[in-house]
Amino acid sequence: VISSWIFSPIISILLTISLYFLIRRYIDRIENSLIKVIKFYRLIILASCSFIVFVLGANTIGLLVSLGLVSFPHNIVELTYAVGASLGTFTLSKKAAINVGFKITKLGYTSSSSVMLGSFLTSEVFTLMGIPISLTQITMGGIIGLSLLNMSNKSTSSNVRNVIKNWTMAPLLCMMGSLVAFESTSA
């Protein structure tokens with residue numbers, strides 16, 4: 001599981017960059033028809049969002065529900081998580097979306113579609129292997145991968161370094177917090 005936290009963002013970076021160039025090549029071929037470009041972007045954004053939501057349910061929600069089932073019945077766990085996810089989406093997601101979509105790097109239609117598809121494909125492979133991974137981490141991996149294409153911008157490189165620093169610290173802090181909580185409850 002620990003190695004998946006290291007390799008899944010790297011795989012997502014490589015996949016996202018590859019998808020970006022593939023989508024960009026297709027857009028360059030059809031760019032003389034604005035209607036085709038708009039239809040393509042609508043289709044790819046809808047498909048990639050649907051895939052991400054599917055993977056979120058299959059990987060992240062499945063993992064969380066399994067943890068909650070230790071203490072509560074299935075219907076209470078699912079309802080509680082659904083309410084929590086909805087509240088989080090409506091109250092906190094705007095700030096996160098602005099930070100990710102505009103402050104780390106500027107995401108357009110091609111780059112955001114590449115990130116979502118790369119994240120979906122990476123997560124789907126790990127989910128099929130039964131390995132829980134962080135959807136946030138692989139999505140940020142894809143965004144960082146696209147940021148690497150634009151590292152000449154000083155604020156971009158500073159933001160990427162900050163994300164990588166926090167990326168490293170978060171699991172370590174969670175592990176220490178879990179150990180402290182476990183030790184305090186088992187004593």
Side-chain angles (χ1 to χ4, degrees), residues 1-27 30 37 39-70 74 77-90 92-94 96-97 99-101 104-149 160 163-164 166-168 170-171 174-175:
V1 172
I2 293 172
S3 64
S4 72
W5 276 64
I6 296 167
F7 291 116
S8 61
I10 294 169
I11 292 168
S12 183
I13 287 170
L14 297 173
L15 198 53
T16 297
I17 290 172
S18 300
L19 286 166
Y20 176 81
F21 286 117
L22 188 68
I23 292 170
R24 191 71 246 155
R25 181 184 294 161
Y26 181 73
I27 291 298
I30 65 168
V37 171
K39 284 182 179 180
F40 175 75
Y41 276 133
R42 286 176 60 191
L43 176 67
I44 199 163
I45 289 171
L46 178 64
S48 58
C49 287
S50 299
F51 292 147
I52 284 293
V53 170
F54 171 78
V55 167
L56 180 68
N59 188 310
T60 307
I61 302 299
L63 176 66
L64 293 174
V65 167
S66 69
L67 296 173
L69 291 177
V70 172
H74 199 274
V77 171
E78 286 181 347
L79 179 62
T80 303
Y81 289 177
V83 170
S86 298
L87 287 173
T89 299
F90 290 116
L92 301 174
S93 65
K94 182 177 180 180
N99 281 333
V100 170
I104 295 171
T105 190
K106 301 229 181 321
L107 294 176
Y109 293 126
T110 304
S111 53
S112 60
S113 299
S114 303
V115 168
M116 289 189 290
L117 286 172
S119 300
F120 158 70
L121 292 170
T122 303
S123 183
E124 185 62 17
V125 167
F126 280 88
T127 300
L128 290 172
M129 293 189 302
I131 301 171
I133 58 171
S134 167
L135 188 56
T136 302
Q137 201 167 13
I138 59 172
T139 302
M140 288 305 300
I143 291 168
I144 287 171
L146 292 177
S147 297
L148 294 174
L149 300 175
V160 168
V163 167
I164 291 172
N166 292 332
W167 214 350
T168 306
C174 287
M175 283 188 261

Subject >> Heavy-atom side-chain contact between Ser123 and Ile133 under 4.5 Å >> reply: yes
Original post:
Can you tell if the side chain of Thr122 reaches within under 4.5 Å of the side chain of Phe126, non-hydrogen atoms only?
Top reply: yes
Original post:
Do Tyr109 and Ile44 have side-chain heavy atoms sitting under 4.5 Å apart?
Top reply: no
Subject >> Closest non-hydrogen atom pair between Thr110 and Arg24, with its separation >> reply: OG1-NH1, 3.5 Å
**OP:** Starting at CD1 of Ile10, measure out to CG of Leu15 and round the result to the nearest 0.5 Å.
**Re:** 13.5 Å
Original post:
Can you tell if the side chain of Pro9 reaches within under 4.5 Å of the side chain of Met140, non-hydrogen atoms only?
Top reply: no
Subject >> Arg42 and Leu46, any side-chain heavy atoms less than 4.5 Å apart >> reply: no
Original post:
Would you find a donor on one side and an acceptor on the other, under 3.5 Å apart, between the side chain of Thr16 and the backbone of Ile13?
Top reply: no
Original post:
Around atom OH of Tyr41, are there more than 12 heavy atoms of other residues, nucleotides or ligands at under 6.0 Å?
Top reply: yes
Original post:
OG/Ser48 to CD1/Ile23 distance, rounded to the nearest 0.5 angstrom?
Top reply: 8.0 Å
**OP:** Could you check if a side-chain atom of Tyr20 sits within less than 4.5 angstrom of a side-chain atom of Val115, using non-hydrogen atoms only?
**Re:** no
**OP:** Starting at CD of Gln137, measure out to CD1 of Ile144 and round the result to the nearest 0.5 Å.
**Re:** 9.0 Å
Original post:
Roughly how far, to the nearest 0.5 Å, is OG of Ser111 from CE of Met116?
Top reply: 9.5 Å
Original post:
Just by distance, do the side chain of Ser12 and the backbone of Ser8 share a donor-acceptor pair under 3.5 Å?
Top reply: no
Original post:
Under 30°, 30 to 60°, or over 60°: which ring-plane class applies to Phe120 and Phe51, parallel, tilted or perpendicular?
Top reply: parallel
Subject >> Minimal non-hydrogen separation, Ile17 against Gly145, with atom names >> reply: CD1-O, 3.4 Å
Subject >> Close side-chain approach of Leu121 and Leu19, heavy atoms under 4.5 Å >> reply: yes
Subject >> Inter-residue atom distance Ser4.OG - Ile138.CD1, 0.5 Å rounding >> reply: 10.0 Å
Original post:
In this structure, are over 12 heavy atoms from other groups packed under 6.0 Å from Phe40 atom CZ?
Top reply: yes
